[in-house]
Amino acid sequence: MTALHFYNSLTRRQEPFHAINPGKVGMYTCGPTVYNFAHIGNFRAYVFEDILRRTLEFAGNKVTQVMNLTDVDDKTIRGAKAGGLALNAFTRPYIEAFFTDLAALNIEPAEVYPPATGHIPEMIALIEALFEKGLAYRSDDGSVYFSISKFPGYGKLAHIDPSQLRSGVRIDQDEYDKEAFADFALWKAWDENDGDVAWDSPWGRGRPGWHLECSAMAIKYLGESFDIHTGGIDNLFPHHENEIAQAEGATGKPFVKTWLHCAHLQVDGQKMSKSLGNFHTLRDLLGKGWKGREIRYVLLGAHYRQPLNFTFEALQAARTALGRIDECFSALEALAGSAVALPGEAPAFAGEALERFAAALADDLNTPEALSALFSLVKTANIALAENILMPAGASAALDAFRRMDSVLGVIAFERPRAENIPEAVLALLGQRGQARADRQWQESDRIRDLLLEMGWVVRDGKDGQTVKKAGR
RNA sequence: GGUGCGAUAGCCAAGCGGUUAGGCACAGGUCUGCAAAACCUCGUAGAGCGGUUCGACUCCGCUUCGCACCUCCA
C-alpha cells in the first residue's frame, strides 16, 4: 500500500512514517484515570488510537502498544476517601469496566496496560536521573519539582514560550512551594488528604506526579526513543510537553518521533458536560439499546483531527448505513457459498475500492474517505448482484476486500446480526401463509403476516418466497 | 490576553485550483396482490467582503461567527 503519512503535532506537518525498527512500531497511548466510567468522548480517542494501530498492522507492521492506567492521582484518592475504600479497591471496578467498554467497541487490546501504582520504583529512578542532570529540585515540604528553566527545549511540542506561560492564567501559588510558576511536580509530599496513599522515596513519603508515570512507563516498555505517542488534544499541554521534558531531560535522547493528537467530541454542538445534561458514558448508550458497532461507526465518521459532533441522529444514521453493509455482505456470502477466489478472477471494482480505501487511511487516517471507498464497494457489488453478472468467485473476492477493510474499521463482522433460529410455530405459520398466497387468499395472508409481527417476526416477500427476520432492529 | 483549529447542500462529513466524495433524510423508480424490506436513480453546497488567477469551495488578506488549549479534562 501507499506509504503511511501522519500529521505530527511536534513538527506540525504531515510526514511520511518510518518506524525506527522497520516493521516494528512502538506506540504509547495515554489511558484512563480510573475514577469513573469513561464517556464516549474518551472513547473517541481510544477508537482513533485503535484505527491507528490497525492501520499500522494493515500496512504490515507488528505493533507494540502500551496504554497506562492512572490509578493514583487527586481524583482517585478523593474517590477512595469518599467511598471509604482502599485506593485499589476503589479503582478496580473502574479498571474492569474500562476493559469491558473497550471490548464493546471492538478495540484491539494493547500489549501492555501498566498501572501507575505498579511502577513507583521506575518513577523514583527517573526522578533520581533528573536530579543528576540538575533538572529537579526539592522544596521545603519534601515535594520534588521539575525546573523548566533548566531544560532548553521546554515548549517545543506545544510551541509555547515558557516565559509567556503566566499571562491570563489564574494563580494560586501558595498551594505549592515552587521556584517558578510553571514548574511541575515530579513527587508530591504526603499530606493529610492522601490518607494512607503514600510510598517511601529518597525525599520522604509521598506519591508521584501525574506526568511522571507516562515517561517512566513508556521508557520501561518501549525504550528511551520510540515511534508514536498519542492522546487527546487536551493532553498536548502540559502533559505531553512535560513527558518530553522528563524523558529527554533524563536520557538526553529524543523521546518520541511522531505525536498524534485527537480532537474532542462535541455533543449537539457543545462540549460534553454534566451540567448541560449531554454527558454520555458508553454504558448509558448501550443501555439505551445502541450497539457498540454503531457507536464505533459514528466515531469513524469524521477525521480524527476535527471536532466531531455526536448526535442521536448520527447514531440512527449509523444503524441504517451498517444495515446496508450487512445486506450487501450477506448477499455476497450467499452467492460465494464455498467458492474460493482464484487469482485473476477478482472483479476490478473490488481491487479499486480496496486501493482507494488503503490510500485514504495512509493519508493521515482519513476514515471518512475510507468509508466512502467502502460504500463504493457496496454500491458496485449491489449493482453487479442485481444484474447477475457476479460469479461465486467474484463474490468471494469482493468479500475478501470487505474483510480487509474491516480489519481496520472493525464494524462489519463485529456484532453483525446473525440469522436467528426460527421457532417451529413461526415456520408453521409461514407454511400456512405460503399456501394462502398460492391460493391468492390475500386476507388470510395478511392476517398471518400481522400475527407474525405480533410475535416479533417481520415477513419479507422476495422473488424466492418468504423470509423472516426478528423485528426491532 | 497568548496559541491553534474551523465555517461545505435538510442533517452529518471528506478530497480537490478546472473532471461524481460518501452516509442519513427527502423525492422518483424496480420488485410486490398490497405493504414492508431490499436495490437503483436523484442534490452544482461551500459564512461575508476584497485580492491572486484564464479559472477558486480549494491560495492570500480582512470581517463576522464557532471551537479548543494556556498546570494535571481524551
Side-chain angles (χ1 to χ4, degrees), chain A residues 9 12 29-33 38-49 70 73-75 148 155 158-161 164-172 176 178 181-185 209-211 230-239 241-242 261-266 269-273 297-298 300-303 305-311 313-325 327-328 330-331 356 360 363 366-376 378-379 382-383 385-387 437 440-443 445-446 449-450 453 458-463 467 469:
Chain A
S9 303
R12 302 207 171 176
T29 300
C30 283
T33 301
H39 57 70
I40 51 166
N42 302 115
F43 284 111
R44 182 187 190 193
Y46 301 129
V47 167
F48 142 68
E49 285 144 1
T70 299
D73 79 322
D74 291 348
K75 286 181 293 242
I148 66 163
H159 294 246
I160 282 173
D161 177 355
Q164 298 285 316
L165 218 48
R166 258 182 106 138
S167 56
V169 181
R170 75 173 186 289
I171 299 168
D172 49 356
Y176 299 108
K178 305 189 272 194
F181 172 73
D183 289 354
F184 57 92
W210 176 53
H211 308 296
T230 64
I233 187 71
D234 51 303
N235 274 159
L236 190 139
F237 190 86
H239 181 53
E241 191 70 55
N242 291 354
H261 291 95
C262 178
H264 274 184
L265 183 77
Q266 297 181 0
Q270 292 178 298
K271 184 169 178 166
M272 185 159 42
S273 75
Y297 183 95
V298 169
L300 301 181
H303 185 87
R305 287 194 289 113
Q306 296 301 332
L308 167 61
N309 190 27
F310 180 88
T311 62
E313 289 76 12
L315 269 177
Q316 183 56 53
R319 175 169 289 182
T320 309
L322 283 167
R324 266 187 73 196
I325 298 169
E327 288 282 346
C328 180
S330 300
R356 217 185 112 205
D363 181 21
N366 191 335
T367 49
E369 179 68 21
L371 286 173
S372 174
L374 171 70
F375 276 100
S376 78
V378 169
K379 183 163 285 186
N382 277 336
I383 292 171
L385 285 164
E387 292 175 353
R437 282 166 59 73
R440 304 183 70 79
Q441 298 289 327
W442 308 126
Q443 277 198 343
S445 163
D446 292 351
R449 182 166 70 197
D450 291 343
L453 189 59
V458 180
V459 183
R460 294 162 62 163
D461 293 319
K463 276 202 182 79
T467 53
K469 202 176 134 182

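Here the structure is a predicted model, which is why all the values come from computation and not from measurement. Values reported hereafter were calculated over all heavy atoms of this structure, with side chains retained and with hydrogens, waters and symmetry mates removed. Quick note on labels: first sequence line is chain A, next is B, and so on, each numbered from 1.
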* Considering only the P atoms, how many Å lie between A21(B) and U58(B), rounded to the nearest integer? -> 16 Å
* Answer with base, sugar-phosphate or nothing: what part of the nucleic acid does Gly41(A) contact at a heavy-atom distance below 4.0 Å? => base
* Asked: With a 4.5 Å limit on heavy-atom distance, are the side chains of Gln266(A) and Leu308(A) in contact?
  -> no
* Structure fact -> Atom CD1 of Ile233(A) and atom P of C5(B) are separated, to the nearest Å, by 10 Å
* Asked: Which of the following nucleotides, G6(B), A13(B), C73(B), is nearest to the side chain of Ala302(A)?
  -> A13(B)
* Paired with C39(B) by Watson-Crick or G-U wobble geometry, both distances under 3.5 Å: which nucleotide is it? -> G29(B)
* Asked: CG of Leu371(A) versus C1' of C24(B): gap in Å, rounded?
  -> 13 Å
* Asked: Starting at CZ of Phe237(A) and ending at C1' of U3(B), how long is that distance when rounded to a whole Å?
  -> 11 Å
* Just by protein heavy atoms under 4.0 Å, how would nucleotides 34-41 of chain B read 5' to 3' in B, S and -? -> BBBSSSSS
* **Among A74(B), A14(B), G23(B), the one nearest Gln306(A) by side-chain distance** => A14(B)
* Specify the separation, in whole Å, of atom CG of Leu265(A) and atom P of C67(B). => 15 Å
* **Non-hydrogen atoms of Asn235(A) and Cys30(A) that approach each other most closely** => OD1-CB, 4.0 Å
* **Which residue lies more 5' along RNA chain B, comparing Pro307(A) with Ser445(A) via nearest heavy atoms** => Pro307(A)
* Go ahead and name the base partner of U71(B); Watson-Crick or wobble counts if both distances stay under 3.5 Å, otherwise write none. => none
* Would you check, one step at a time, whether the test side chain to side chain contact (heavy atoms under 4.5 Å, CB included) holds for Arg437(A) with Asp461(A)? => CA-CA 11 Å; Arg437(A) 282 166 59 73; Asp461(A) 293 319; 3.5 Å; yes
* **P-based separation of A47(B) from C54(B) [nearest Å]** => 24 Å
* Could you work out which one of A21(B), G15(B), C73(B) sits closest to the side chain of Asn366(A)? => G15(B)
* Nearest-neighbour nucleotide for the Arg12(A) side chain, A74(B), A21(B), G4(B) considered -> G4(B)
* For Leu300(A) and A14(B), what is the distance between atoms CG and P respectively, to the nearest whole Å? -> 12 Å
* Asked: With both distances under 3.5 Å as the test, what is the Watson-Crick or G-U wobble partner of G15(B)?
  -> none
* Asked: For Trp442(A) and G33(B), are the ring centres under 5.5 Å apart with planes inclined under 30°?
  -> yes
* **Interatomic distance where CD belongs to Gln266(A) and C1' belongs to C67(B) [whole Å]** => 6 Å
* Sequence-distant partners of Arg356(A), salt bridge (Lys or Arg N to Asp or Glu O under 4.0 Å), two or more places apart -> Glu369(A)
* When you match Gln443(A) and Ser372(A) each to their closest nucleotide on RNA chain B, which lands nearer the 5' end? -> Ser372(A)
* Counting only Watson-Crick or G-U wobble pairs whose two distances fall under 3.5 Å, which nucleotide matches C5(B)? -> G66(B)
* Where is the tightest heavy-atom contact between Ala263(A) and Pro307(A), given as atom of each residue plus distance? -> CB-N, 3.7 Å
* To do: Round to the nearest Å and state the distance from His303(A) atom NE2 to C16(B) atom P.
  => 11 Å
* Could you work out the separation of A9(B) and C26(B) based on their C1' atoms and round it to a whole Å? => 13 Å
* Does the His303(A) side chain pair with the main chain of Gln306(A), one donor and one acceptor, at a distance under 3.5 Å? -> no
* **Polar contact flag, side-chain donor to acceptor under 3.5 angstrom, His239(A)-Asn242(A)** => no
* **Ile40(A) side, atom CD1; Leu315(A) side, atom CG - distance, nearest 0.5 Å** => 7.5 Å
* To do: Provide the distance between the two C1' atoms, one in A45(B) and one in A14(B), to the nearest whole Å.
  => 13 Å
* Pairwise C1' distance for U41(B) and C5(B), with rounding to whole Å -> 38 Å
* Between C60(B) and C12(B), how far apart are the C1' atoms? Round to whole Å, please. => 30 Å
* To do: Decide, yes or no, whether a salt bridge links Arg319(A) with Glu313(A) under the criterion of side-chain N to carboxylate O below 4.0 Å.
  => no
* Structure fact -> From CG of Asp363(A) across to C1' of G15(B) the rounded distance in Å is 9 Å
* Should C24(B) form a Watson-Crick or G-U wobble pair with both distances under 3.5 Å, which nucleotide is its partner? -> G10(B)
* Asked: If we take the P atom in both U19(B) and G43(B), what is their distance in whole Å?
  -> 15 Å
* **P gap between U64(B) and G28(B), integer Å** => 45 Å
* Asked: Are the ring of His264(A) and the six-membered base ring of A68(B) within the stacking cut-offs of under 5.5 Å and under 30°?
  -> no
